[in-house]
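Accompanying notes for the structure given below.
Each chain gets a letter, A, B and so on, in the order the sequences are listed, and its residues count up from 1. As the structure is a computational prediction, the values presented were derived from the model and not from experiment.
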Amino acid sequence: MGGPVGDPTPVWAVVALPLVLAALTYSAAAMDSAFHSGGGFVAPLREGVRLVVQQRRRTLAPDALLARIGVISLPAAALLAATVIPLDGGSVWEPPVSVVWFNAMEVVAWGSLWLAGWGVNSAFPLIGGYRFVAQGLAYELPHMFALITAGLGAGSLDLTEVAAAQDGLWFAVWMPVAFAVYLLSAVAMTFWGPMSHPVADDAAGGVAAELSGPDRLLFFAGRLALLTVAAAAAVPLFLGGGAGPWLPGWAWSLIKTYAVLALLVWVRGGFPVLRMDRFMTAAWMVLIPATLLQALVVGIVVVN
Amino acid sequence: MQTVAFWVLAVGAVGFGVAVFVVDSMARATFALLASFLCVGVELLLLDLDYLGVLVILMMIMEMLVMAVFMIMYMMNPGGLMPMTMVHNKRGALAISGSVFAALAAGVFLTPWPERRGSVPADPTFSVGESIMGPKMLVMMVIGIAILATMVASVVLATDRGRYDRPPGRADGAK
């Protein structure tokens, strides 16, 4: 999230990135609190402070190293994914395949959840970890196809170029299936709302059941940060990036990011948690063929 | 800077590779292997092979997670709670791996390496694909789809009913 294309990344952008991500993540937590629990905008802060000072609860014979890696890698992956997301024409790091990098960092969450679930040596977290591996496998393919469709429409795997290719017509308008599948699978990849089976109540909190204190704070902050990054990536991928009248590019990027984020946060309240073993069929039988057809349509349009 | 990064990652890749055989827990061995592959992926990024590097990182994370599920299913000591070793037939294995390493290392020094001709292409990944596949690209892509279709079809034919599918005639009822 730095200067225009071509310039070397300024130092302030590298410093600002974690701060911007943290602010957006906190907004997500505040929106969640305002929409669903009625706790107001200070509630996440209060909960965060409570978790920071809370003493850690220990389990018998944990693999503490693996559990720690699992918990810490979740916010770390969100930050690494955020480095390639353009805010105003350019991003902090500009690899020519930033779409693939973004996806790779989302997939880190598989490892995070499995490690956190395995490491604490407790049955319910382990079940949650395995649930997420299955969920990730089922949703990675439709997610990947939705990302590739946007890349195909732009002829590039660079988020900045994908945003620039939507001159006049947003990809969300002429590839609605890919956009819908992207949002749905992004919710699944961040185990949020209806896709929160890996941390669901029926398994006593799943992966997070034994996490307490700072671990729990990092884990759930990491999840919200991943959700935030997924919302921010939807802007260059499908919503025209920073394009818009009157306001500068970064302002439009932020406004659009907030809109997508509010939608994703709001989704949590309205739908029950889906049992992944049942919903797996829908992922394989409906979403993958739908995204493939969408890619075919986009491919034909691009070739012509 | 790049040289330092190269050496740190190279030592890291080998170190994590050694760790795979030292740790006594299958979970740790799997993720040590993943860490080793991630080091290799970043090495590829250093070589400006962006697509290959990022792809190695993406695929290896997915692959190691799937591998973790299967290895833990099959290994006698998944959690490191009982004595376990990843090494068998130590002397034979040492002799074989030592001589293979010596042969490969000798090859590095004995091969007359060609000088670089021309300059680095704009898109190295594309050029590697072109020079490996050449005019047979179309055939390879068709074969790739055929292999995928065969795998899906054989799984569909082999599984009459999955563990979580409901029995026929009870599509709406309880499992």
*N/O donor-acceptor pair under 3.5 Å between A:Asp158 side chain and A:Val97 backbone*: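 Checking the backbone N and O of A:Val97 against the side chain of A:Asp158, no donor-acceptor pair under 3.5 Å is found.
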*May I ask you to decide whether A:Arg57 forms a salt bridge with A:Asp215, counting only side-chain N to carboxylate O separations under 4.0 Å?*
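The answer is no: the pair does not qualify as a salt bridge.
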Part of [X] lying under 4.5 Å from any heavy atom of chain B:
| X | result |
| --- | --- |
| A:Glu106 | neither |
| A:Val107 | both |
| A:Trp114 | side chain |
| A:Leu137 | side chain |

*Check whether any side-chain heavy atom of A:Phe145 lies under 4.5 Å from a side-chain heavy atom of A:Ile288, and answer yes or no.*
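Side chain of A:Phe145 against side chain of A:Ile288, heavy atoms only: contact under 4.5 Å found.
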_Can you tell me which portion of B:Leu45 sits under 4.5 Å from chain A's heavy atoms? Options are side chain, backbone, both or neither._
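Contact with chain A involves the side chain of B:Leu45 alone.
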*Could you look at B:Phe31 and say if it's the side chain, the backbone, both or neither that has a heavy atom under 4.5 Å from chain A?*
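The side chain, not the backbone.
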*To the nearest 0.5 Å, how far apart are OG in B:Ser25 and CG in A:Leu66?*
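Atom-to-atom, B:Ser25:OG and A:Leu66:CG are 6.0 Å apart.
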*asked:* Tell me which of these, B:Met62, B:Met59, B:Met60, has more heavy-atom pairs under 4.5 Å with chain A than the rest.
replied: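 It is B:Met62.
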Who among [options] has the most heavy-atom pairs with chain B under 4.5 Å?
| options | value |
| --- | --- |
| A:Leu157, A:Val133, A:Val100 | A:Val100 |
| A:Asn103, A:Val108, A:Leu115 | A:Leu115 |
| A:Gly119, A:Gly111, A:Pro95, A:Gly136 | A:Gly111 |

*Would A:Gln294 and A:Thr149 count as having a side-chain donor-acceptor pair, cut-off 3.5 Å?*
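A:Thr149 and A:Gln294 do not have a side-chain donor-acceptor pair below 3.5 Å.
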*With distance as the sole criterion, is a donor-acceptor pair present between the side chains of A:Ser112 and A:Ser73 under 3.5 Å?*
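Checked: A:Ser112/A:Ser73 side chains pair up, N/O donor to acceptor below 3.5 Å.
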_One pair to check against ring-ring contact (aromatic ring centres under 6.0 Å, His included): A:Phe191 and A:His197. What are the steps and the verdict?_
CA-CA 7 Å; A:Phe191 50 105; A:His197 203 217; over 10 Å; no
